[in-house]
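Note that ligands are numbered from 1 as they come in the structure, with each ligand's atoms numbered from 1 the same way.
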Amino acid sequence: MSEVAQYALRDGIAVITLNNPPVNGLGNALRAGLMARLQQAEADPAAKGVVIIGGGKAFSGGADIREFGRPREKPDLFEVNDQQDAMRKPLVAAIGGFALGGGLELALGCHYRVAAPKAQLGLPEVKLGILPGSGGTQRLPRIIPMADAVRLMTTGTTIPAEKAKELGLVDEIVQGDLLEGALAFTKKLNSGEPRRIRDMPARLEGDPEAFFAKVRDQVAKESRGYPAPLEIVACAAAAATLPFDEGRKVERERFNRLVNTAESKALRHMFFAERQTSKIPGVPEDTPVRPIRKAAVIGAGTMGGGIAMCFANAGIPVTVLDTTQEALDRGIEKIKANYAATVAKGRLAQADMDKRMALIVPKASLNEIKGADIVVEAVFERLDVKQDLFRKLDALMQRGAILATNTSTLDVDQIAAATTRPEDVIGTHFFSPANVMRLLEVVRGEKTAKDVLATTLKLGKTLRKVPVVSGVCDGFIGNRMLEKYVQQSLFLLEEGATPAQVDSALQRWGMAMGPFAMYDMAGNDIGWEIRKRRARERPDMVYSRFADRICEKGWFGQKAGRGWYRYEKGNRKPIPDAQLEEMLSQYRKELKIPVRKIPDDEIVERCIFALANEGARILEEGIALRASDIDMVYLTGYGFPPYRGGPMFYADQVGLAKVLDSINRFKAGYQGSQWQPAPLLVKLAGEGKRFNP
Ligand code: NAD
């Protein structure tokens, strides 16, 4: 077995190579190996200095997150750091690829750091709801200015080597071979007293109290719902005011507290959930994929334009088509305006915009796309229109091309059935705005080929999306669940709540946007159209007719200047509408619904448990492969707060037995017939189990 920490002597310098692929995660074995190698180097009379370098593509990606919250084997990184501090020989970290989290803390335990020009450095722990727990909060502000250290740690941003050098975190950038450069650097060092970061004062000028008061205010504003950023500030303050070892104690205490918070557990769940989505039973990750060199998008409307941008952003040439020149021109203009706005904000260079625009080629005839490797259809949401188009695509497209539909509600199998090659047909359900939203529901038809699925998942990642596989059903994972959420939000109005109350309760709980503000943004006419269709398909469906009333008045939302709220011209801020509230109370009287004051907790429970209950059905029907996929759909497509972990994880945290109790209570309440606990929920609650194992 190859050693996880290798030792070699090169020109009188000990070289310790981390060898724990893929990212040199600092798990139990590597920490123990490192400890032994550091001691060996210190004792080796032939070694005048020591270099730690990562084998493979990274210095180190940091701690093994799976070890969090479990008892860890000794030595921990803390003790490795102590060993680093005890070294009398100069100790140099040679950073290639990336040094993140515990990886950077290991580098901070060295006396010097050199880096390859493309290296990335950072302490992203905050993104997992924790803080750098191995001296990072104490060492970083001693080597770079305090304000920068706080910023890096509270946002979790990574910085490139050049910036790290500017700040003082890196001593030298090595052009050419990293190890050779590190050896040359180490040889030049004096063998006198080593330069330990722990012995330096924090880099803060001026009064710490005033500085931290200001920082605390600012960070509190930016970190709504997240506990870690303020704890990081507290640790940074300790670095400025306490001796190093005292500061480390503060850090350790706060780390231990954070690691057990519900928020951190949720954020860690999200981290793993994202990595799970591409694991498909029966479709191994090395399934051969089809090459995607050229794409085509049909329909240059809201979605088609955004989807074309996704391809162009990824450097894939894309042809865009529509029925009329006018629609096509409008679509292209919209794309241009979209990019121009990003350029104006300074987030995209003009040259990059030009490159992307050059990749988007408008075409007037279907004939011109036949060489594309994938075609994504984003035309009107009508089965006959889509089937007609797929029939034509079947006749036209080269063999092996993937035929994808962006439908949000139609049956992908029926669309596929219009072709002679249903195995090449798949759903790619982008979310609006398609160039921004990370979620991509990949809808696997009954006959979709495995390599088509694997190719689409890979493409999703190339387009920087989070692809989540869904089976075919009305609304797929996300919108099918949303229907239950919408239903509850409207029943709440009928019973006495206002749109503003429902929105603020859910927003305070953490949703990026309240449901009614969301409906107004998406356009109330869309739901209305769907309801009309559903009324034909499922005449027994129970829903609040009040939503139809506002649509009959043309209150379609933001675009109409009026919806569930009023909007002032040029402003998207929702303003509660007294007239709507009057209509609502009239409506309650007509229906003889007794009005009551509904507590915020009930609003949240009814809306969120409605999601989880439908999610449970989706899970047991096999529409979703795993609970964490459902969570990812909500986290990346519906503004669900990451620190709640997704609807299924949240239900797990509350406890499924409790969730079931609440649902049974709702069953006895208003429109109680709409609450049928999902059999899977009942089963798991009875067994004391969770959706996410
Ligand atoms: P849209 O009305 O903005 O755009 C549709 C475009 O398709 C129009 O420009 C139209 O001229 C063109 N078109 C219609 N028939 C065509 C044909 N046969 N050939 C070529 N072009 C044709 O609609 P949209 O909002 O972009 O929705 C498109 C699809 O995406 C629909 O299936 C919709 O359900 C789905 N979708 C929409 C959203 C959303 O939020 N708008 C989200 C996810 C999915």
Side-chain angles (χ1 to χ4, degrees), residues 296-310 318-335 338 362-369 372 375-397 403-412 414-415 418 425-443 460 465 467-468 470 474-480 482-483 486 513 518-534 556-559 633 636-639:
V297 172
I298 305 186
T302 312
M303 294 309 288
I307 297 167
M309 289 172 79
C310 294
V318 55
T319 317
V320 184
L321 222 79
D322 208 301
T323 38
T324 64
Q325 189 60 40
E326 205 190 331
L328 196 53
D329 291 345
R330 213 182 317 124
I332 298 290
E333 275 316 305
K334 181 104 192 287
I335 294 175
N338 235 324
K363 289 279 184 207
S365 118
L366 209 52
N367 254 323
E368 310 204 51
I369 64 162
V375 44
V376 181
E377 160 281 309
V379 304
F380 299 138
E381 184 74 345
R382 277 183 32 200
L383 187 61
D384 57 340
V385 174
K386 300 214 191 240
Q387 283 182 324
D388 179 53
L389 179 61
F390 272 72
R391 226 168 270 127
K392 289 183 185 144
L393 290 175
D394 186 27
L396 177 77
M397 299 301 291
L403 313 181
T405 169
N406 186 49
T407 181
S408 29
T409 50
L410 300 174
D411 183 337
V412 174
Q414 287 187 37
I415 296 173
V425 176
I426 194 162
T428 47
H429 186 210
F430 288 80
F431 285 70
S432 182
N435 54 312
V436 176
M437 297 300 287
R438 292 179 69 219
L439 177 60
L440 175 66
E441 275 182 334
V442 174
V443 185
K465 301 290 169 199
V468 178
S470 170
D474 197 344
F476 314 128
I477 297 173
N479 284 344
R480 174 169 157 187
L482 191 72
E483 205 170 298
V486 173
M513 195 181 252
M518 178 178 84
Y519 310 150
D520 273 356
M521 193 184 73
N524 295 317
D525 47 327
I526 295 181
W528 196 26
E529 283 307 317
I530 296 174
R531 283 198 300 279
K532 285 186 202 159
R533 175 160 65 83
R534 292 276 157 73
F556 291 153
Q558 279 184 19
K559 62 186 168 193
V633 165
T636 55
Y638 293 85

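- With a 4.0 Å heavy-atom cut-off, ligand 1 is reached by the backbone of Asn406 and by its side chain too.
- The nearest protein atom to atom 26 (O) of ligand 1, hydrogens excluded, is given as Met303 N, 2.7 Å; this is a heavy-atom distance.
- With rounding to the nearest 0.5 Å, the separation of NZ in Lys386 from CZ in Phe380 is 10.0 Å.
- If you check which protein heavy atom lies closest to atom 40 (O) of ligand 1, you get Ser432 CB, 3.3 Å.
- Checking only distances, Phe430 never comes within under 3.5 Å of ligand 1, N or O to N or O.
- What sits closest to atom 15 (N) of ligand 1 on the protein, heavy atoms only, is Val379 CB, 3.6 Å.
- The CD atom of Glu529 sits 11.0 Å away from atom CD of Glu381, with the distance rounded to the nearest 0.5 Å.
- Protein heavy atom closest to atom 18 (N) of ligand 1, with residue, atom name and distance, is Thr323 CG2, 4.1 Å.
- Panel note: side chain Gln325, backbone Ala364; no donor-acceptor pair is recorded below 3.5 Å.
- Of all protein heavy atoms, the one lying nearest to atom 5 (C) of ligand 1 is Ala378 O, 3.6 Å.
- Salt-bridge annotation for Arg330 and Asp322: absent, with no side-chain N of the basic residue lying under 4.0 Å from a carboxylate O of the acidic one.
- In terms of modelled atom types and a separation under 3.5 Å, the side chain of Asn479 and the main chain of Thr409 share no donor-acceptor contact.
- For a threshold of 3.5 Å applied to N or O pairs, the pair formed by His429 and ligand 1 contains no separation below that value.
- Atom 23 (O) of ligand 1 is not flagged as protein-proximal [any protein heavy atom, distance under 4.0 Å].
- Ligand-side atoms of ligand 1 in range of Gly301: 3 (O), 4 (O), 6 (C), 9 (O), 26 (O), range being under 4.0 angstrom from any heavy atom.
- Here's the thing with Thr407: none of its N/O atoms is less than 3.5 angstrom from an N/O atom of ligand 1.
- In terms of protein heavy-atom proximity, atom 2 (O) of ligand 1 is nearest to Phe380 CE2, 3.6 Å.
- Interatomic distance, Lys392 NZ to Asn367 CG, rounded to the nearest 0.5 Å: 11.5 Å.
- At under 3.5 Å, not a single nitrogen or oxygen of Glu377, backbone or side chain, sits near a nitrogen or oxygen of ligand 1.
- Ile298 CG2, 3.4 Å is the protein heavy atom nearest to atom 20 (C) of ligand 1.
- Nearest-heavy-atom check against atom 9 (O) of ligand 1 across Asp322, Thr302, Leu366 picks out Asp322.
- Remark: ligand 1 atoms within the under-4.0 Å shell around heavy atoms of Lys386 are 31 (C), 32 (O).
- In this structure, Leu328 and Leu321 have side chains that are not in contact, with every pair of non-hydrogen atoms separated by 4.5 Å or more.
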